[in-house]
Amino acid sequence: MTHEIHLRDAFGPRLSDGAEAYRFRVSNIDAYLNLPDCEQVVLDFTGIRSANSSFVNALVSGLFEQHGVDALRKLVFRGCLPTIQVLVQTAVDLGITKHAERVA
Amino acid sequence: MLTVPKTINADGLLPFLGLLAAHADAAELRIDFGGLRRVSPAGLAALTAFMAGRERQRLATKVVGLETCGIRDYLRRMNLLRLCGWEDGEESFARRDPGGRFVPLEEIGHRVEDLGARIAACIAPGGEDYESANGGLYDAAWYLITEMANNVRQHSRGVGFVAAQTTQADGFVRIAIADCGCGIPGSLKEAGFPRVRDLADEDIIEQAMAARVSSKGQPSNEGVGLTLSARIVDLMGGHMLVASGGGSVIRSGQAMPKKGGFGRGARFPGTLVAISFRRSAAADFESKLHQAKELEIPLRASPNPATFQP
């Protein structure tokens, strides 16, 4: 099973509020990463014009802090503008770094 | 009596902030605007936040000299008089289209993303279209405004204001965000950050500009907003001034930061972040963002690329 999350439907075209992103992650993403039946989680950024670090880090970084590199196998980021792609990769790196610090 | 200087911009900004800091706790204060002739967005934002702070503390403030101030109409158009409570009621003047020139002071509300979009659209007309020539400038403005405004909302516990300006003459963009909250040193000390306990306020501000320092901590805050913003401004060859509590830090391109204190117990009651950069330097914002990330959040030995689909 693939679970697709369309961020534009949830937030509109601009993503800025980290607290909102964190709440969304906990209630709409975390559980699917733990589901054995869920092979892929797609975070669809199609239609998102702007995003900042606060939002993307709160949405993405924690997933990798919790699951480490393994989350890369399940998570797919779709429809990112180049600027947003940089923010997503930054959040991934931050999360993996923090996961490694926790494990060490 | 606080006599507002003739010019509050560039080199005049820091002395003005020192003046505000020195008078911040005055139980009664007269502010004389009679001589003011030129003021930057940072001066406007700092003054508005200063007044909001005095209002919150119920400190008495009397304003004089506005009737003879040579830029009274400009101050009115920039919303200073209304936001400071010196003028109310219906506007009796016609607003010009601010596109591509200046953006009047605006209070930071809940919809930070919309605030950022409104101001970015004024600074970079047409930039809402990612492919347009102003797309990079729009993105830079939106990113910097929303990150700084988020900090006001999440950390300051005060009221915040934003103003901006862009001039064709020198090709610069100026963005200023100020609040009357607890300040960066106050926020980090309250959070019990061990690294800041014995530092001067300007050193604490410098620490806050370093990666992964946040008074909010986990889980929804990584403490990289101010860090990446400062680095992006560096990479654009711009300037960032952060004044908060008893100190200030100015970063200019790749030069060593200039730090200083207001002295004699004077404290700017809140935080001011003033940013300026050339319009042309923001054209490749994506690349600046990438470089900033590489410098501030270096990858480990084996990078882990995420999977991106079109």
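Chain letters run A, B, ... following the sequence lines, proteins first, then strands; residues in each count from 1. All values below come from the heavy atoms of this structure, side chains included, with hydrogens, waters and symmetry mates left out. Since the structure is predicted, the reported quantities are computational estimates derived from the model, not experimental observations.
Using a 4.5 Å cut-off between heavy atoms, Leu289(B) touches chain A through backbone and side chain atoms alike. Using a 4.5 Å cut-off between heavy atoms, Leu43(A) makes no contact with chain B at all.
Residues Ser54(A) and Glu147(B) bring a donor and an acceptor atom of their side chains to less than 3.5 Å of each other. Side-chain polar atoms of Ser132(B) and Asn134(B) form no donor-acceptor pair below 3.5 angstrom.
Note on Arg49(A), Arg23(A), Glu20(A): by heavy-atom pairs under 4.5 Å with chain B, the leading option is Arg49(A). Ranked by heavy-atom pairs under 4.5 Å with chain B, the first of Val26(A), Val60(A), Ile84(A), Leu81(A) is Leu81(A). Of the listed residues (Phe285(B), Tyr138(B), Phe308(B)), the greatest number of heavy-atom pairs within a distance under 4.5 Å of chain A belongs to Phe308(B). Chain B forms more heavy-atom pairs under 4.5 Å with one residue of Ala71(A), Gly12(A), Ala51(A) than with any other, namely Ala51(A). Chosen from Asp139(B), Asp129(B), Val112(B), the residue pairing most often with chain A at heavy-atom distances under 4.5 Å is Asp139(B). Contact tally against chain B (heavy-atom pairs below 4.5 Å) for Val92(A), Leu72(A), Val42(A): the top residue is Leu72(A).
Proximity of a side-chain donor or acceptor of Asp37(A) to a complementary backbone N or O of Met1(A) within less than 3.5 Å is not detected.
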> What do the steps show when you test Lys288(B) against Glu286(B) for salt bridge (Lys or Arg N to Asp or Glu O under 4.0 Å), and what is the final call?
Replying inline: CA-CA 5 Å; Lys288(B) 299 291 192 298; Glu286(B) 176 203 333; over 6 Å; no
> Checking side-chain hydrogen bond (donor to acceptor under 3.5 Å, both in side chains) for the pair Tyr143(B)/Ser50(A): CA distance, chi angles, key distance, verdict?
Replying inline: CA-CA 8 Å; Tyr143(B) 181 91; Ser50(A) 305; over 6 Å; no
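By the 30° and 60° cut-offs, the orientation of the rings of Phe55(A) relative to Phe11(A) is perpendicular.
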